[in-house]
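For ligands, and for the atoms within them, numbers begin at 1 and follow the listed sequence. We use all heavy atoms of the structure for the numbers below, so side chains are in, but hydrogens, waters and symmetry mates are not.
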Amino acid sequence: MSGLARCVIDAGLASREAVFARLAEQLDCPLPANLDALYDILSREAAGPLEIVWRADRRALGEDFERILAALQEVALERDDMRLLDEAAERDEMDEQVKVLFSEQEVAARVQELAREIAARMPREFTLVGLLKGAFVFTADLVRALDREGCRPRVEFLQVSSYGTGTESSGRVKVIGGMPGSIEGQEVLLVDDIQDTGRTLAFTRQMLLDNGAARAMTCALLDKPSRRVVEIEPDLTGFVIDDVFVVGYGIDYAERYRHLPFIGKVEAS
Ligand SMILES: O=P(O)(O)OC[C@H]1O[C@H](OP(=O)(O)OP(=O)(O)O)[C@H](O)[C@@H]1O
Ligand SMILES: Nc1nc2[nH]cnc2c(=O)[nH]1
């Protein structure tokens, strides 16, 4: 690429300010005052094409590691002329250990039990709405388990995301794709992989009701009640867990581990 503006965020940068200064210097753009400004400047003001190499050190940057990376990922999604190379992810993979929390067999057995409970509480035909991305594996297994229980769900997906660019979770959830067709008067089952603060489930449930659903029952494979900030309990829960960080079976850690066939918990080595 000609005229490529390239910036390397190396592991020696140990503060948010240092990362911002490096970006401003190497991409020849204004110095961002905060994360929102970073997003605005990189998406609108930095001249492309851009390449950002992310080699930051998670331990040195602490919480800012995820926040800044999330903002950069969002800009990279918006800009066709930007490439973000995450070289830190590979190194981190070696630093983390994933321990099995629920095995493939345990998950499969629980999913079938959930399907049985759903079949007892829903009509034979209903609309199942899976929340992307995290619930894609759970939804795929659940609909087949439901078929074995005699249900005939119509399957839809919604992709939602907490609003923002990696700043403190504002509690605003935005729909980024796949609003189901008409759900007027329908019985809906809303399916998510994990319930944490409760914001995602509360927001999407209300949205479905606002769009005319006659009833919106909720099902979360995993539930962390100790983390709740919005008062909502899923109607059906697969496993109640402590405040551990889980991955696998569709659930990611910085877009990794979704492919694991079991549910694991991440432990720093
Ligand atoms: O109870 P809450 O605090 O709202 O969190 C739960 C949500 O967080 C995760 O989604 P994430 O934003 O990571 O997106 P993803 O599903 O695309 O991985 C998960 O899949 C839930 O939908
Ligand atoms: N990957 C992952 N995402 C989450 N979102 C809310 N809780 C979790 C968790 O434990 N793991």
Report the C-alpha separation of Arg152 and Glu125 in whole Å, then their side-chain angles, then the decisive distance to 0.1 Å, and conclude whether the salt bridge (charged side-chain N to carboxylate O under 4.0 Å, His left out) test is met.
-> CA-CA 5 Å; Arg152 299 292 177 265; Glu125 293 184 9; over 6 Å; no

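- At least one heavy atom of Lys224 sits closer than 4.0 Å to an atom of ligand 2.
- Shortest contact from atom 1 (N) of ligand 2 to any protein heavy atom: Asp252 O, 2.4 Å.
- The closest protein non-hydrogen atom to atom 6 (C) of ligand 2 is Asp196 OD2, 3.1 Å.
- With ligand atoms numbered from 1 in the order given, ligand 2 contributes 10 (O) to contacts under 4.0 Å with heavy atoms of Val244.
- Every heavy atom of Leu131 sits 4.0 Å or more from the atoms of ligand 1.
- For Thr197, heavy-atom contacts with ligand 1 shorter than 4.0 Å involve the backbone as well as the side chain.
- The protein heavy atom nearest to atom 11 (N) of ligand 2 is Val246 O, 2.8 Å.
- Using a 4.0 Å cutoff on heavy atoms, Arg258 counts as a contact of ligand 1.
- Residue contacts with ligand 2 for Ile251 involve side-chain atoms from C-beta outward but no N, CA, C or O (heavy atoms, distance under 4.0 Å).
- The nearest protein atom to atom 5 (N) of ligand 2, hydrogens excluded, is given as Ile194 CG2, 4.1 Å; this is a heavy-atom distance.
- In this structure, Leu222 does not count as a contact residue of ligand 2, since none of its heavy atoms falls inside 4.0 Å of the ligand.
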